[in-house]
Number of protein chains: 2
Amino acid sequence: MSDLKKQFEKFFYPKSIAVVGASEKAGKIGAEIFRNLAFYDYEYKDRVYPVNPKHEKIMGIKAYPRIEDIPDEVDLAVVSIGAKFIPDLVESCGKKGIKNMVIVSGGFKELGTEEGKEYEQRMIENAKKYGVRLIGPNCIGVLNAEIGLDTFFQSHEHMIRPKPGNIAFLTQSGTFGCSFLEWAAESPVGISKFVSYGNRSDVDEADLITYLDQDEKTKVIAIYMEGLSDGRKFMNAAKKITKHKPIVVLKAGRSKAGAKAAVSHTGWLGGSEKIYDAAFKQSGIIRVNNFEELFDASKAISMQNYAKGPRIGLVSNGAGPMIMAIDEIERRNLELPSLSENIEKELKEKLPPFYIVHNPVDITGSATPRDYEIVLEHLAKDPNIDILMPFFVFQNTLIDESIVDVMEKINKLGKPVVGGAAGGPYTKKISEAIESVGVPMYPIAERVVAAAHALYINGRNLNK
Amino acid sequence: MSDLKKQFEKFFYPKSIAVVGASEKAGKIGAEIFRNLAFYDYEYKDRVYPVNPKHEKIMGIKAYPRIEDIPDEVDLAVVSIGAKFIPDLVESCGKKGIKNMVIVSGGFKELGTEEGKEYEQRMIENAKKYGVRLIGPNCIGVLNAEIGLDTFFQSHEHMIRPKPGNIAFLTQSGTFGCSFLEWAAESPVGISKFVSYGNRSDVDEADLITYLDQDEKTKVIAIYMEGLSDGRKFMNAAKKITKHKPIVVLKAGRSKAGAKAAVSHTGWLGGSEKIYDAAFKQSGIIRVNNFEELFDASKAISMQNYAKGPRIGLVSNGAGPMIMAIDEIERRNLELPSLSENIEKELKEKLPPFYIVHNPVDITGSATPRDYEIVLEHLAKDPNIDILMPFFVFQNTLIDESIVDVMEKINKLGKPVVGGAAGGPYTKKISEAIESVGVPMYPIAERVVAAAHALYINGRNLNK
């Protein structure tokens, strides 16, 4: 195990936790963090220790006035006390041998005040001095679904937690953290590790992707960032990693005003947009354009094989979304090749004469699940095609639930598949069933094509 | 009542319908259309007549061998028989005084065959000769939620129907029709009139917007099109209408390949993309980029007042989406002005010192519903601000359901409001409750800003 891996394991697999600032008062951040750790799914919840000098007990559990009073060994300290107390706390942790801290509190350099900057600097100095690693401040911390761990102050009533899975998500914004994790919880994908790192005073994205690279639970790393503190360090790390593990990035602050706001949010310089774009490309990073696409692309990579090329095979029982997809395929420099001659010939023999058999294959409103099966089987074996892209009108009465079995069968053939359908309760039910057998589904053509694009870029990186 | 209005009323308010091609066989298009009309919500369902020469009864209802055998007066014929029989049927309808037909069947010029073209031409000639107006062919026809009318072959189990409302939707793609109507059914907005016009052999978009302009139930007209047959006619009509009623258009076929596919779908020439774009702008049309945006923009206009200008006032309890919004506001040439001095001063007095009070207003993870109320009330009275744009992290425990009352109150102040939130069950529940009091909500910043943009362009047109 590398030193970094050893050190970071305690952020994600701590066997005991001190909650500094744990409180009785519902709604207070320290109360909610403590409640979530000590009363929900955390595997070692009987080893969660509240630290609070004013109370003997917090929610019925013995509290300690200071962190050094905890008789047990502590793997991780989660902190929500005032910024001015934190530099000294880091020293105390260091002395007690606690080498991992999650600082949830704000009040540091993101405020732009002299005090804030001073607290942050002293905090970092002490961390360096005692070999303590810090996540945060000004963040919601970490989640590891595998052991039911999260350091969030968001209640379980307001925020459901994701299941274990293969997507790691790193985010400068706690807000996006909450949204991404809940979207995952409501989809077939799961989360391996999650970090909201806020001001990123110590542990940064480069450290985290290096750790995640060695984490065998993680298949894809998704990141929301507003700007990097050490761009070179990150890009160097990313360049190595993306050759075997994909990294998908949403970077905010593309506009001048947005970049300025990003700086004021976490106090870091944004850097030039052009430089970012070029560096992302060079590092094999899959850059996405908005937060939905960040989730969509991660979901596709999580569920599907990488694509061996950019050549898409389209099939649909309704033309509208198919035409939108064609536009988007061209815009994204993907390809819509002709089918192989023998494949086209076979399809024409097997399908009704009024179906339009080229690429895209238009199987019209008369299509049945069996028609989809025939077409997709042929696209899967066509050497001209790298990615299968079916669109569905599930509202049409001839498409029944047997389409789910068809998609399960097609998915097992191993060529990447991404699908599209938009509608109400029945369409959602069938789409979810198709996702449960492994095929990611999206409501509009642009999002399906974006997912395909991510699979293609990933394949291109892996094959370098 | 204008002649056109009088003629078109029978498409939307027919008091009796003949279903030509009505069938017993479940799954057949003619069976499903007949079932949906005769056994569901259509106000005059006891006056739905099956026409089928092979059966005495269809689903227990007396069938007529030919349309001229129906003893009752018929307002509308809905047709799903083979294309080759349709030219003669138009003649029979004309002779019986049926002046309105919806041709669901395909098999016309969209096939690209000589027969297809010939059937289409003869059908049109007969329609002209007898003064019959045709919607279709190759379409799913019309819906008027007000009287429970639809000519769809999609079953109610697979496709829920929308409630009456103020959005009219015209679409060349039946697929997008199904999706849009179900999205509406699951949202607070409703539908005034709906037309899927397919090949548009007779009734075209220009006719339909002219009718909808006179339809007082319609506040906003949404259109999906692949290409116009008579661009000048449409643009001339649109130019007049958009001065008092907004038109939102999604046009497919932006790419070369997409344009070619659009042509083959409905057999019309696409025309140059540049010409479309310029003409849309000149006509005051709100052009959108994808199908989700078509719905999002229509929803915003349906629910909210137009905006008096492009100046947005942002507030959030989480920074990530706010920064994405700032990027998008700049990209779309909207504005994020400074707050008026006195407003900013008042806000600073009323809010905790660590909230960041400028535009955007960052009320941090400590924000309560009362904080939103204070900020939004001030943005609403700030003459520098045209559109209120709150983002919410509902996962934060301090935001409870009283935020819904706050938003109801703010919405009543009359300045346009569009909101954003992304998450799981609780977030969706609160978002839906906020929509039910009149404020449209979207999951990501780009979609909130797109909605605001539509309100702004609409305001600019109306104030010309």
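What you are looking at is a predicted structure, and each value in this text was computed from that prediction instead of being measured. To find a chain, count down the sequence lines: A is the first, B the second, and so on, and within it residues start at 1.
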Side chain to side chain, B/F291 and A/P443, heavy atoms closer than 4.5 Å: no

Side chain / backbone / both / neither for B/F394 at chain A, heavy atoms under 4.5 Å: backbone

Residue A/K28 versus chain B: region with a heavy atom under 4.5 Å: neither

Within-4.5 Å side-chain heavy-atom neighbours: B/F176 and A/P321: yes

Atom group of A/L250 that falls short of 4.5 Å from chain B, counting heavy atoms: side chain

Chain A contact via B/R331 - which portion, at a heavy-atom distance below 4.5 Å: neither

Heavy-atom check, side chain of B/E186 versus side chain of A/P425, under 4.5 Å: yes

Salt-bridge contact B/E292-A/R447 (side-chain N to carboxylate O under 4.0 Å): yes

From CA spacing to verdict: side chain to side chain contact (heavy atoms under 4.5 Å, CB included), B/M324, A/Y224: CA-CA 11 Å; B/M324 298 303 296; A/Y224 166 77; 3.9 Å; yes

Chain A contact via B/E328 - side chain, backbone, both or neither, heavy atoms under 4.5 Å: neither

Side-chain donor or acceptor of A/E182 paired with backbone N/O of B/G423 under 3.5 Å: no

Nearest atoms (heavy-atom pairs only) where B/M159 meets A/Q395: CB-CG, 3.7 Å

Per-residue contact mode, B/I329 against chain A (heavy atom under 4.5 angstrom): neither

Nearest heavy atoms of A/E446 and B/N289, plus distance in Å: OE2-O, 3.9 Å

A/D327: which of B/R254, B/E273, B/K251 passes side chain to side chain contact (heavy atoms under 4.5 Å, CB included): B/R254

